[in-house]
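I have placed the structure first, in the form of structure tokens, so that the comments after it can refer back to it.
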Amino acid sequence: MPELPEAETIARGLRAPVEGGTITGVSVLHADLVEMGPAALVRGITGAIIEAVGRRGKNVVLRLEGGDHLVVNLGMSGRLLWRPAHDPSPPPSHPGVVFRLRPAAQTPNPRAAPEGELVYHDPRRFGRIRLLTQGAYRTWSRSLGPEPLSRGFTARRLALELARSRTPLRSWLLDQGKVAGVGNIYASEACHVARLHPALPASEVDAAGARRLHRAIRRVLAEAVEGGGTTLRDYRTAQGWEGAYQHSLRVYGREGEPCPRCGRPVRRIVFSNRSAFYCPRCQPELPNDG
DNA sequence: AGTGTATCCTGCAGGC
DNA sequence: TGCCTGCAGGATACAC
């Protein structure tokens, strides 16, 4: 899934319909999606007002009145879909949890205001929904690395952290404790933009490489947010639309196609059981190769 | 510490 | 058409 740009796009699309709304009911269709169990979720959020919709890493976060946070990790195939009342479009095929909402905008007769639904949809059910108290949320958030699009994510900090690990760069980037929100697609894309081999040990990235990587991560993620995310198969925005960034991918999923920089065929390698895509010419094995 | 493997699941593409 | 295999954006636990 959904990596940072997809979670960000979903969060943005939920703000208008959801913020300020009240959760009037919850239906849990797949209990395995709810970390603390359906009963505790229903008890914990029914009647709560959603104060803000945000994102942390790849997670969509609903901040509730009173300080609790509803954290949604979309796994591989999760969607968060806003369905206005009386929406004529067909309902989601794999609903897992349905939140019924009374919108913030008060009509003259609030009881007449139609409810909408926020549907968590997830065919593979790798996603997880959890309700955290304010303190638990802070603890969880601190376990994640910096937000790559925030000011706290600096080239200097990145260089210092890279130097501490010999794990392959792609694996390092997938570690949510190092940088929050990068997944397999954008890890390959960022490595390509930075001209660093995905299997290069992190500590072998030199100072110039770390500066390029810092810029590349931010550029790729920001571009993908602008494109509304990457739809390969499952991802949709909160409105059910596909993203557009799949048309702008440089190397991910493009084995054998020409590198957009030099024209050499893109290669695919597998390590840690996952594919990485790279250009053998632009991203040589060793930092001072080629 | 880091890596490979397996696990949770379903859907889909490709080969036969 | 149908069966089988492999693969997929994530996260975690385990053995080595």
Side-chain angles (χ1 to χ4, degrees), chain A residues 1-11 29-35 55-60 71-80 92-97 120-130 140-141 143-145 148 161-192 198-205 217 220-221 223-225 227-237 241-256 268-277:
Chain A
M1 151 162 155
E3 307 181 24
L4 183 154
E6 291 74 33
E8 177 65 28
T9 303
I10 290 168
L29 290 79
H30 281 289
D32 52 346
L33 295 169
V34 179
E35 192 174 75
R55 176 193 60 74
R56 180 77 172 97
K58 303 172 182 177
N59 305 271
V60 176
V71 176
V72 181
N73 182 295
L74 300 114
M76 290 279 239
S77 58
R79 300 178 185 172
L80 270 173
S93 56
H94 295 75
V97 180
Y120 181 66
H121 166 280
D122 189 355
R124 292 179 73 179
R125 304 206 304 282
F126 284 180
R128 286 295 176 275
I129 295 175
R130 46 192 161 167
W140 169 77
S141 181
S143 75
L144 299 178
E161 293 295 321
L162 286 168
R164 298 175 55 180
S165 170
R166 292 195 54 77
T167 202
L169 183 53
R170 196 278 311 264
S171 304
W172 193 94
L173 289 168
L174 292 187
D175 183 344
Q176 299 302 293
K178 302 293 199 297
V179 181
V182 178
N184 209 32
I185 295 176
Y186 301 111
S188 273
E189 294 296 298
C191 286
H192 180 263
L200 182 70
S203 56
E204 290 186 26
V205 177
I217 291 168
V220 163
L221 294 176
E223 282 177 1
V225 169
T230 298
T231 297
L232 297 181
R233 173 171 298 168
D234 295 304
Y235 162 69
R236 295 293 185 281
T237 70
W241 306 330
E242 295 190 357
Y245 198 70
Q246 61 275 17
H247 304 300
S248 303
L249 295 175
R250 295 159 176 86
V251 289
Y252 186 87
R254 302 198 178 281
E255 182 180 16
R268 181 175 78 99
I269 52 172
V270 176
F271 57 96
S272 303
N273 277 325
R274 309 190 74 184
S275 294
F277 298 86

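Numbers restart at 1 for each chain; the letters A, B, ... are given by sequence-line order, proteins then strands. Because the structure is predicted, anything quoted here is derived from the model rather than measured.
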Whole Å only: how far is the OH atom of A/Tyr235 from the C1' atom of C/dA8? 18 Å
Kindly say if A/Lys58 contacts the phosphate of C/dG9, meaning a side-chain N or O under 4.0 Å from OP1 or OP2. no
Partners of A/Trp140 by ring pair (Phe, Tyr, Trp, His ring centres under 6.0 Å), sequence neighbours excluded? A/Tyr137
Would one find a side-chain N or O of A/Ser165 under 4.0 angstrom from OP1 or OP2 of B/dG2? yes
Is the shortest side-chain heavy-atom distance between A/Leu249 and A/Glu189 below 4.5 Å? yes
Side chain proximity check, A/Ser165 to A/Asp175, heavy atoms < 4.5 angstrom: no
Taking for each residue the nucleotide of DNA chain C bearing the nearest heavy atom, is the 5' side occupied by A/Ser275 or by A/Asn59? A/Ser275
Taking B/dC9 as the reference, what is the distance to C/dG2 when you measure between their P atoms (whole Å, please)? 27 Å
Pairwise side-chain contact, A/Arg56 with A/Val71, heavy-atom cut-off 4.5 Å (strictly under): no
Can you tell me how far P of C/dG10 sits from CD of A/Gln176, to the nearest Å? 8 Å
When you compare B/dG2 with C/dG9, how far apart are their P atoms, in angstrom units rounded to a whole number? 23 Å
Side chain proximity check, A/Arg79 to A/Asp122, heavy atoms < 4.5 angstrom: no
For the pair made of CG in A/Leu162 and C1' in B/dA1, what is the distance, rounded to whole Å? 16 Å
Find the distance between CG (A/Leu80) and OG1 (A/Thr9) and round it off to the nearest 0.5 Å. 12.5 Å
Please list, chain by chain and in numerical order, all residues satisfying salt bridge (Lys or Arg N to Asp or Glu O under 4.0 Å) with A/Glu255, sequence neighbours excluded. A/Arg268
Determine: side-chain N/O of A/Tyr252 to OP1/OP2 of C/dG9, distance under 4.0 Å, yes or no. yes
Sequence neighbours excluded, the answer for ring pair (Phe, Tyr, Trp, His ring centres under 6.0 Å) partners of A/Tyr245 is none
Rounded to whole Å, the CZ-P distance (A/Arg128 to C/dT12) equals 10 Å
Go through the structure and list residues passing salt bridge (Lys or Arg N to Asp or Glu O under 4.0 Å) with A/Glu8, not counting sequence neighbours. A/Arg12, A/Arg55
Which stems, defined as runs of 3 or more consecutive Watson-Crick or G-U wobble pairs with both pairing distances under 3.5 Å, involve DNA chain B? B:2-8 with C:10-16, B:10-16 with C:2-8
Can you find a pair of side-chain heavy atoms, one from A/Asn184 and one from A/Arg170, that are under 4.5 Å apart? yes
Short side-chain N/O contact to C/dA8 OP1/OP2 from A/Asn184, under 4.0 Å: no
Could you tell me how far apart A/Arg170 (CZ) and C/dG9 (C1') are, to the nearest whole angstrom? 12 Å
C/dG9, OP1 or OP2 - any side-chain N/O from A/Arg274 closer than 4.0 Å? yes
Which is true for A/Asp234 with a 4.0 Å heavy-atom rule: it touches a base, it touches only sugar-phosphate, or it touches nothing? base
Where along nucleotides 3-11 of chain B does protein come under 4.0 Å, by heavy atom, of base (B) or sugar-phosphate alone (S), with - for untouched nucleotides? SSB--BBBB
Atom CD of A/Glu161 to atom P of B/dA1: distance rounded to whole Å? 14 Å
Output the rounded distance in Å from CZ (A/Arg79) to P (C/dA8). 19 Å
Without decimals, in angstroms, what is the distance between A/Arg56 CZ and C/dG10 P? 17 Å
